[in-house]
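Below you'll find the structure, written out as structure tokens, and then a few comments.
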Amino acid sequence: MRLWQRSRFKATLWLSRNEAQTQKDRPLPLAKPNGSLIFENARAQVSFQPPDDSLSSGHNFMKPRVRFAPSPTGYLHIGGARTALFNWLYARHAGGTFVLRIEDTDAARNSQEAVDVILSGLRWLGLDWDEGPLTGDATGPSKGSFGPYFQSQRKDNYQRRVEGLLSRGLAYEHEGAIKFKMQREPVTIPDLVIGDVIRKLTDREEIDPDFVIQRSDGQPVFHLVNVIDDLEMNITHVIRGEDHLSNTAKHIALFKAFGVAPPHYAHIPLILNGDGSKMSKRDQGASLTGYLDQGFLPEAVVNFLCLLGWSPKENREKLTLAETIERFDLPQILRHNARFDYEKLLWLQGEYARELADDRFYELAVHSFARSGVDTNVFPLGYVKAALDTCKGKFKTFSELPGYAGFYFTEKIEYDAEAAKKDFVPENHPRLEKLRDAFAHAPAFSAESLEVALKETAKALGVKVGVMVHPCRLAVTGKTSGPSLYHLLQVLGKERVMARIEKALASF
RNA sequence: GACCCUAUGGUCUAGCGGUUAGGACACCUCCCUUUCACGGAGGUAGCCCGGGUUCGAUUCCCGGUAGGGUCGCCA
């Protein structure tokens, strides 16, 4: 079973690469269990003439055209982001075109701001689109020759198509709405990921298989506009979430009704919550914006998303974008849903954060402090950079940074309560005094000589190094962990360090 | 309720009839170390169940179970 399905994948893909557009006018390739190809005339079940030239493009494209068609709901779902990523990867891999189309048919919940969330999210991830809107304004500028790229601006097309359907008896009015005459026979959905899916009618559909394509208020419905836009934008591959799989039967029927062979379909598995439940809007981690806000790096998010439902093989986990584009292809996409593993994302984030180029690291770090209300610009640039250098590679997300290194930029040191109880004890008081004196007389206030000073003090007192280290760290940073102690002392400088030690000594 | 998809450690996955079932994250132990992190060494843990097919099934087929999706004048 699997074998013949896979052989069909190859045949279909080959077709997609080389004859992506000419297939529009050709029969649909299907496979038989013996692996040979058969052809089924896509128009076999329709008895009308295909649309005139004004509705069907005469262009002959060799490269795939894919699209991401989100609805502006005010946020970009992480699953949607991955769908966009897979589309983008396939386009880049195959040298095709990535189209961004905004499905804003539901006027009530659309706004320019909601579109901007999508645009900025995709831009953040680095998923540039070859065609689509340039701004969130539905009537604003766009690039590409298949526009408009907002469905709200394409009403005439839908109206014309509906009238065509009506005149050919393929749709009818019902209580003010327009319904499409859906076939009752099972629909075969050729899918590049899953294989041939034979979709039968459900019990409710048995009663009435027809579905509304235009509401009684005149607004076209998703299934209709989605198909018309894909058709008119010459989309060759529809790569979308598996939640659309069952509905694809309707779309294929619609394509047939318009006299055109449907595009290739690739339904990708969904992303579930860590506990296996469906990831909905309200779930933690569902919104892409959240990752930006938490200080994740887009390259980490992209890398992680790639690993959900697709594998680069060869035991690779961390990949550059170029490597991913090179390796990515539709047949290797997994068929089962994946759970979102936050820990693994965090690991990748740490990997990328450690390797950040200095300038970008400083920029992101300064930004994270600004977000937490700390203006690092009031400190000398050299001081800020030196401080940040001691933190690189020691934390994962940038939202951790203000908590990790905030002591560099404030004199209000709050001691960790538990640590103070343990380290600010009477016997440590004279030890800290000795350390203060040793620091005061160190030949230089550098990490090297401070380390020598501290170790010699410990030796003189007959205690382990740690006995000196912990109270000292607590005194100058208020925390039990952080950057290298000697280095942070050097960066803070003698004045700050001495003052903080005095203050600590006065507190116990 | 019906229809569709799926099923390898806790998680992401490699595997495409014969393997000591591989890697990564997480977890545990140890080493390194001023803390944390990194790095190094090692460890616990897996083929959902039941039938077939086969000399031989994680792998192929059927059934069950479980999870997910769909059946809207939402997208």
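Naming convention: chains lettered A, B, ... in sequence-line order (proteins, then strands); numbering from 1 in each chain. Computed from a prediction, not measured in an experiment: that's the story for all the values here.
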Pairwise C1' distance, C28(B) and C4(B) [rounded to whole Å]: 42 Å
G50(B) and U59(B): how far apart are their P atoms, nearest whole angstrom? 12 Å
Over all strands shown, is Leu334(A) touching base, sugar-phosphate only, or nothing at heavy-atom distances under 4.0 angstrom? sugar-phosphate
For residues 449-473 of chain A, the ring-ring contact (aromatic ring centres under 6.0 Å, His included) pairs (sequence neighbours left out) are none
Pick the P atom in C16(B) and in C60(B), then give their distance to the nearest Å. 11 Å
Checking Asp423(A) against Tyr415(A): is there a side-chain donor and acceptor pair closer than 3.5 Å? no
Using atom P of each nucleotide, how far apart are A21(B) and C12(B) to the nearest Å? 22 Å
Paired nucleotide for C32(B) [Watson-Crick or G-U wobble; both distances under 3.5 Å]: none
Nearest-angstrom distance, C1' atom, G42(B) to U6(B): 36 Å
Return the nucleotide paired to C55(B): Watson-Crick means purine N1 to pyrimidine N3 with N6-O4 or O6-N4, wobble means G-U with N1-O2 and O6-N3, both under 3.5 Å. G18(B)
Who is the Watson-Crick or G-U wobble partner of G46(B), with both distances under 3.5 Å? none
Under a 4.0 Å heavy-atom cut-off, which of residues 438-449 of chain A touch RNA chain B? none
Check every strand shown and say whether Glu205(A) touches a base, only sugar-phosphate, or nothing at a heavy-atom separation below 4.0 Å. sugar-phosphate
In whole Å, measure the gap between the P atoms of C25(B) and A7(B) for me. 25 Å
On the side chain of Lys344(A), is there an atom forming a donor-acceptor pair with the base of A24(B) - under 3.5 Å, no angle test? yes
Is there any protein nitrogen or oxygen under 3.5 Å from a nitrogen or oxygen in nucleotides 2-5 of chain B, and what are the pairs?
from  : atom 1 : to        : atom 2 : distance (Å)
A2(B) : O4'    : Asp203(A) : OD2    : 3.0
A2(B) : O2'    : Asp203(A) : N      : 3.0
C3(B) : O2'    : Lys200(A) : O      : 3.2
C5(B) : O2'    : Glu242(A) : OE2    : 3.0

Which base sits across from A2(B) as a Watson-Crick or G-U pair, both distances under 3.5 Å? U70(B)
On RNA chain B, does the nearest nucleotide to Gly176(A) precede the nearest nucleotide to Leu270(A) from the 5' side, or the other way round? Give the residue. Leu270(A)
Looking at A75(B), A37(B), C71(B), which one has an atom nearest to any side-chain atom of Lys396(A)? A37(B)
With rounding to the closest Å, how many angstrom separate the C1' atoms on U11(B) and U53(B)? 34 Å
According to side-chain hydrogen bond (donor to acceptor under 3.5 Å, both in side chains), who are the partners of Glu355(A), at least two apart in sequence or on a separate chain? Lys318(A)
Report yes or no: does Arg360(A) contribute a side-chain atom to a donor-acceptor pair with the main-chain N or O of Leu356(A) at less than 3.5 Å? no
With sugar-phosphate meaning primed atoms plus P, OP1 and OP2, does Ser311(A) contact a base, only sugar-phosphate, or nothing at under 4.0 Å between heavy atoms? sugar-phosphate
If you measure from the Lys or Arg side-chain nitrogens to the Asp or Glu carboxylate oxygens, is any gap between Glu418(A) and Lys422(A) under 4.0 Å? no
Suppose you measure atom P in A45(B) against the same atom in G9(B); what distance do you get, rounded to whole Å? 14 Å
Which salt bridge (Lys or Arg N to Asp or Glu O under 4.0 Å) pairs, counting each pair once, include a residue from residues 457-480 of chain A, with sequence neighbours left out? none
Any side-chain N or O of Arg215(A) less than 4.0 Å from the OP1 or OP2 oxygen of A75(B)? yes
Nucleotide opposite C25(B) in a Watson-Crick or G-U pair, distances under 3.5 Å: G10(B)
Give every donor-acceptor pair under 3.5 Å between a side-chain atom in residues 437-446 of chain A and any protein atom, sequence neighbours left out.
from      : atom 1 : to        : atom 2 : distance (Å)
His441(A) : ND1    : Asp437(A) : O      : 2.8
Ser446(A) : OG     : Glu448(A) : OE1    : 3.4
Ser446(A) : OG     : Ser449(A) : N      : 3.3
Ser446(A) : OG     : Ser449(A) : OG     : 3.1

Taking any heavy-atom pair under 4.0 Å as a contact, classify Ala177(A): base, sugar-phosphate, or nothing. base
Using a 4.5 Å cut-off on heavy atoms from C-beta on, say whether the side chain of Leu492(A) contacts that of Tyr408(A). yes
What contact category does Gly274(A) fall into here, base, sugar-phosphate, or nothing, at under 4.0 angstrom with non-hydrogen atoms? nothing
Mind checking whether Tyr90(A) and His93(A) have parallel, tilted or perpendicular rings, split at 30° and 60°? parallel
Side chain of Leu272(A), heavy atoms from C-beta onward: which of U70(B), G67(B), G23(B) has the nearest atom to it? G67(B)
If you check the Asp243(A) side chain, which of C73(B), U70(B), U13(B) turns out closest? U70(B)
Can you say whether a donor on the side chain of Asn247(A) sits under 3.5 Å from an acceptor on the base of A75(B), or the other way round? yes
For Asn428(A), the side-chain hydrogen bond (donor to acceptor under 3.5 Å, both in side chains) test, sequence neighbours excluded, returns Arg431(A)
Considering every strand and a 4.0 Å limit on heavy-atom distances, what is the contact class for His244(A): base, sugar-phosphate, or nothing? base
For the side chain of Gln349(A) and the backbone of Gly295(A), is there at least one donor-acceptor N/O pair under 3.5 Å apart? yes
Taking N or O atoms only and anything under 3.5 Å, show me the protein contacts with nucleotides 33-36 of chain B, one pair per line.
from   : atom 1 : to        : atom 2 : distance (Å)
U34(B) : OP1    : Lys455(A) : NZ     : 3.4
U34(B) : O2     : Arg473(A) : NH2    : 3.2
U34(B) : N3     : Leu485(A) : N      : 3.3
U34(B) : O4     : Ser484(A) : OG     : 2.6
U35(B) : O2'    : Thr480(A) : O      : 2.8
U35(B) : N1     : Arg473(A) : NH2    : 3.4
U35(B) : O2     : Arg473(A) : NH2    : 3.4
U35(B) : O2     : Gly482(A) : N      : 2.7
U35(B) : O2     : Gly482(A) : O      : 2.9
U35(B) : N3     : Arg473(A) : NH2    : 3.2
U35(B) : N3     : Gly482(A) : O      : 2.7
U35(B) : O4     : Lys394(A) : NZ     : 3.3
C36(B) : O2     : Lys394(A) : NZ     : 3.2
C36(B) : N3     : Lys394(A) : NZ     : 2.4

Who are the side-chain hydrogen bond (donor to acceptor under 3.5 Å, both in side chains) partners of His487(A), not counting sequence neighbours? Ser484(A)
Hey, is the side chain of Lys313(A) poking within less than 4.0 Å of OP1 or OP2 on G15(B), counting only N and O atoms? yes
Under the salt bridge (Lys or Arg N to Asp or Glu O under 4.0 Å) test, residues paired with Arg316(A) that sit two or more places apart: Glu323(A)
Options C12(B), A14(B), U11(B), nucleotide nearest the side-chain atoms of Leu308(A): C12(B)
With sequence neighbours excluded, tell me which residues meet side-chain hydrogen bond (donor to acceptor under 3.5 Å, both in side chains) with Asp283(A). Asn273(A), Ser280(A)
Charged N to carboxylate O under 4.0 angstrom, Arg184(A) versus Glu206(A)? yes
Mind checking the CG-SG spacing from Leu485(A) to Cys472(A)? Nearest 0.5 Å is all I need. 4.5 Å
Do Glu314(A) side-chain and G23(B) base share a donor-acceptor contact under 3.5 Å? no
Check nucleotides 39-41 of chain B for protein N or O atoms closer than 3.5 Å to its own N or O atoms and list the pairs.
none

